[in-house]
Amino acid sequence: MDFRIPRGTMDLMPGEVEKWQYIEEKARDLCRRYHFSEVRTPLFEQTELFRRGVGETTDIVEKEMYTFTDQGGRSLTLRPEGTASIVRSFVEKKVYGEPQPTKWYYIGPMYRYERPQAGRQRQFHQFGVEVFGTTAPGMDAEVIDLGFQFYRTLGLDGVKVELNSVGCPRCRPIHREKLIEYLTPRKEELCKDCLSRLDRNPMRILDCKNESCREVTEKAPRMVDHLCDDCKSHFEEVQENLQLLDVPYVLNTQMVRGLDYYTQTAFEFVIEGGAGSLGGGGRYNGLVEEIGGPEMPGIGFGLGLERTLLALEEQGLELPARYGVDCYVIALGDDAKKRAISLLKELREVGCSADRDYLDRKMKGQMKAADRMGARYAAILGENELKENRIKVKELATGNQETIQLDRLADYIRQGRKD
RNA sequence: GCGGCCAUGGCGAAGUGGUUAACGCACCGGAUUGUGGCUCCGGCAUUCGUGGGUUCGACUCCCACUGGUCGCCCCA
């Protein structure tokens with residue numbers, strides 16, 4: 001074998017791809033009901049968009065981006081997440097001038113250069129939504145509800161919504177100072193990563209998984225205790241709205257999220273097992289301006305589809321597999337084979353799926369092929385049938401067979417596929 | 001970037017230093033010249049991820065590389 005699939009990517013083969021179509025269909029239907037519209041943006045953007053949008057101090061920008069130079073010398077990057085591109089598009093197309101709010105969703109691949117493992121690929125897929133133009137806490141709750149319903153409609157159990165508020169540019173600096181004040185004397189107990197975070201992004205120390213760091217941060221000043229009045233009431237109203245929507249949630253005051261653009265609401269969908277974090281999101285009230293647009297609030301989430309599938313499999317939930325074919329036409333003899341060509345066309349024109357033999361197999365081989373591909377009916381056309389203008393139709397599951405008029409075949413199969 | 005485990009046909013998998021590399025599934029053909037699923041028979045790896053080394057001899061031992069997988073960091 002000369003060529004191999006790039007590390008961290010996968011081929012979705014027949015039998016598997018139907019599962020993807022199924023969950024994408026669920027996402028689209030959900031978005032339709034919540035009145036979100038789909039947008040599709042390029043898979044790559046100017047590198048600078050992600051540096052600015054996602055944040056220079058994030059792991060994504062520091063070590064995970066697929067960046068390349070095109071033939072015109074421009075630095076481009078395969079999108080590591082969806083929000084930056086969506087915001088760019090919102091600003092570039094001046095959608096902020098239209099009636100607000102704007103409610104969008106997207107489904108597609110994202111790219112991050114990482115070591116692959118369970119639920120982590122270099123090319124992975126996200127379903128995400130973004131809402132611009134409102135700070136209403138009810139919208140925060142609605143976005144969280146939409147994400148939660150996505151898992152519910154798929155039948156996934158045990159999805160937890162974790163909720164926090166990370167404040168805004170008014171109150172966060174105050175918390176930041178308190179945090180530095182608290183952590184600096186305890187420097188020695190922090191891991192080396194957190195040591196460098198101390199002056200660059202001290203909040204991220206709060207969700208470090210290192211044991212020693214956790215002990216230190218356990219009694220550290222909490223963001224929720226330092227929220228300004230606006231952030232505080234917003235946070236409370238988000239929770240009220242979640243209760244009205246019957247979305248169960250738990251507060252996680254340590255949760256920070258890995259992207260720098262979040263303000264106020266931050267949330268994550270988590271589950272026991274290999275998937276761990278299924279997805280997450282939050283409010284980003286400064287991002288549109290950062291990307292060159294007007295002052296315009298936003299909120300959204302990104303959900304990992306590989307992880308959703310992983311969780312569904314862990315719970316043993318069956319998703320649709322391979323489709324069969326409605327009718328397999330078996331033709332014997334040259335004249336019958338010619339007639340079979342137009343028969344297939346007739347079947348397909350009335351909406352049935354139809355197939356036939358292309359390998360010059362004999363009766364037995366053709367029957368076997370029909371059986372293997374999960375055909376509902378096998379239609380047998382031999383010299384005798386052709387002479388009498390009839391055809392034999394066998395329902396493979398039951399073994400029942402009858403002879404019908406040749407020109408009634410398409411109608412017969414079409415009726416059959418309804419029940 | 002770091003660590004564990006793994007690498008034999010299309011797939012699963014035995015074989016742990018000695019002359020022909022089990023077996024199961026799948027696939028193809030036949031028994032059954034116009035009827036699938038069951039049964040029976042036959043076919044299907046000059047070769048064990050790649051490169052080097054040890055040895056009279058290596059799929060089996062050693063090293064390196066590559067790839068897979070799982071975990072850490074982080075995240076989806």
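Protein chains get the first letters and strands the later ones, always in sequence-line order, with residue 1 at the start of each. Note that this is a predicted model, so its numbers are computed, not measured.
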Chemist: Rounded to whole Å, how long is the line connecting atom CG of Leu206(A) with atom P of C74(B)?
Modeler: 13 Å

Chemist: On a whole-Å scale, what distance lies between the C1' atoms belonging to A64(B) and A76(B)?
Modeler: 35 Å

Chemist: Measuring only the P atom in each nucleotide, how far is C61(B) from C2(B)? A whole number of Å is fine.
Modeler: 26 Å

Chemist: Distance check, C1' atoms only: U55(B) and C62(B), in whole angstrom units.
Modeler: 12 Å

Chemist: Across all strands, who's sitting opposite C2(B) as a Watson-Crick or G-U wobble pair, both distances under 3.5 Å?
Modeler: G71(B)

Chemist: Does any nucleotide pair with A64(B) by Watson-Crick or G-U wobble geometry, both distances under 3.5 Å, and what is it?
Modeler: U50(B)

Chemist: Between the main-chain N or O of Gly147(A) and the side-chain N or O of Arg152(A), is there a donor-acceptor pair closer than 3.5 Å?
Modeler: no

Chemist: With C1' as the reference atom in both, quote the distance from C5(B) to C44(B) in angstrom, rounded to an integer.
Modeler: 32 Å

Chemist: Using a heavy-atom cut-off of 4.0 Å across all strands, would you classify Gln401(A) as base, sugar-phosphate, or nothing?
Modeler: base

Chemist: Figure out the CZ/C1' separation between Arg372(A) and G37(B), and round it to whole Å.
Modeler: 9 Å

Chemist: Given C28(B), is OP1 or OP2 found less than 4.0 Å from the side-chain N or O atoms of Arg361(A)?
Modeler: yes

Chemist: Go nucleotide by nucleotide along RNA chain B from the 5' end; which of Gly8(A) and Gly304(A) gets its closest nucleotide reached first?
Modeler: Gly8(A)

Chemist: Across the strands shown, which category fits Gln366(A) at heavy-atom distances under 4.0 angstrom: base, sugar-phosphate, nothing?
Modeler: nothing

Chemist: Go ahead and name the base partner of G34(B); Watson-Crick or wobble counts if both distances stay under 3.5 Å, otherwise write none.
Modeler: none

Chemist: Just checking Leu303(A): base, sugar-phosphate only, or nothing, at a heavy-atom cut-off of under 4.0 Å?
Modeler: nothing

Chemist: Rounding to an integer number of angstrom, what distance separates A45(B) and U20(B) when you compare their C1' atoms?
Modeler: 13 Å

Chemist: Taking CZ from Arg7(A) and P from G49(B), how many angstroms apart are they, rounded to a whole number?
Modeler: 19 Å

Chemist: What's Ala379(A) touching, base or sugar-phosphate or nothing? Going by heavy atoms closer than 4.0 Å.
Modeler: nothing

Chemist: Roughly how many Å apart are G24(B) and C41(B), using the P atom of each and rounding to a whole number?
Modeler: 11 Å

Chemist: Lys392(A) has an atom NZ; how far is it from atom C1' of U35(B), in whole Å?
Modeler: 9 Å

Chemist: Flag the pair Tyr377(A) / Tyr328(A) as yes when their ring centroid distance falls below 6.0 Å, and as no otherwise.
Modeler: no

Chemist: Regarding Ile330(A), tell me which of base, sugar-phosphate or nothing describes its non-hydrogen contacts under 4.0 Å with the strands shown.
Modeler: nothing

Chemist: Quantified in whole Å, what is the C1' atom distance between nucleotide U8(B) and nucleotide G68(B)?
Modeler: 15 Å

Chemist: Tell me: CG of Asp371(A) to C1' of G36(B), nearest whole Å?
Modeler: 4 Å

Chemist: Reckon Ala118(A) touches a base, only the sugar-phosphate, or nothing at all at heavy-atom distances under 4.0 Å?
Modeler: sugar-phosphate

Chemist: Aromatic rings Phe90(A) and Phe132(A): how do their planes relate, parallel, tilted or perpendicular, breaks at 30° and 60°?
Modeler: parallel

Chemist: Inspect the contact between Asp335(A) and Lys338(A) and indicate whether a charged nitrogen and a carboxylate oxygen are less than 4.0 angstrom apart.
Modeler: no

Chemist: For a quick check of understanding: with a heavy-atom distance under 4.0 Å over all strands, which category does Arg122(A) fall into, base, sugar-phosphate or nothing?
Modeler: nothing

Chemist: Taking a pair as Watson-Crick or G-U wobble with both distances under 3.5 Å, which nucleotide is matched to G42(B)?
Modeler: C28(B)

Chemist: Can Tyr34(A) and Asp145(A) be counted as having a side-chain donor-acceptor contact under 3.5 angstrom?
Modeler: yes

Chemist: What interatomic distance, in whole Å, is found between C1' of A22(B) and the corresponding atom of U16(B)?
Modeler: 15 Å

Chemist: Tell whether Arg307(A) reaches the base of C75(B) with its side chain through a donor-acceptor pair below 3.5 angstrom.
Modeler: yes

Chemist: Output yes when at least one side-chain N/O atom of Arg204(A) is less than 4.0 Å from OP1 or OP2 of C75(B), else no.
Modeler: yes

Chemist: Using a distance-only test with no angle check, is there a side-chain donor-acceptor pair under 3.5 angstrom linking Tyr111(A) and Gln123(A)?
Modeler: yes

Chemist: Counting only distance, no hydrogens or angles, is the base of A76(B) paired donor-acceptor with the side chain of Glu268(A) under 3.5 Å?
Modeler: no

Chemist: Remember a base hit wins even if backbone is also touched, and classify Glu62(A) as base, sugar-phosphate or nothing at under 4.0 Å, heavy atoms.
Modeler: nothing

Chemist: Verify the distance criterion only: is there a donor paired with an acceptor across the side chains of Glu130(A) and Tyr105(A) at less than 3.5 Å?
Modeler: no

Chemist: What does Arg112(A) touch in the nucleic acid at a heavy-atom separation under 4.0 angstrom: a base, only the sugar-phosphate, or nothing?
Modeler: base

Chemist: Let me know the distance between CG of Asp11(A) and P of G10(B), rounded to the nearest Å.
Modeler: 17 Å

Chemist: Closer than 4.0 Å, any side-chain N/O of Arg4(A) to the OP1 or OP2 of G68(B)?
Modeler: no

Chemist: Base, sugar-phosphate, or nothing: which does Gly399(A) touch, judged by heavy atoms less than 4.0 Å apart?
Modeler: base

Chemist: Report the distance from atom NZ of Lys364(A) to atom P of G29(B), rounded to the nearest whole Å.
Modeler: 10 Å

Chemist: Suppose we define a pair by two distances each less than 3.5 Å, Watson-Crick or G-U wobble; what does U20(B) pair with here?
Modeler: none

Chemist: NZ of Lys362(A) versus C1' of G36(B): gap in Å, rounded?
Modeler: 16 Å

Chemist: For Gln117(A), answer base if it contacts any base atom (sugar-phosphate contacts may also be present), sugar-phosphate if it contacts only those atoms, and nothing otherwise; contact means non-hydrogen atoms under 4.0 Å.
Modeler: base

Chemist: Taking for each residue the nucleotide of RNA chain B bearing the nearest heavy atom, is the 5' side occupied by Leu305(A) or by Ile380(A)?
Modeler: Ile380(A)

Chemist: What's the closest nucleotide to the Phe124(A) side chain, out of A76(B), C74(B), U35(B)?
Modeler: A76(B)

Chemist: Does a donor on one side chain and an acceptor on the other come within less than 3.5 Å for Thr265(A) and Asp140(A)?
Modeler: yes

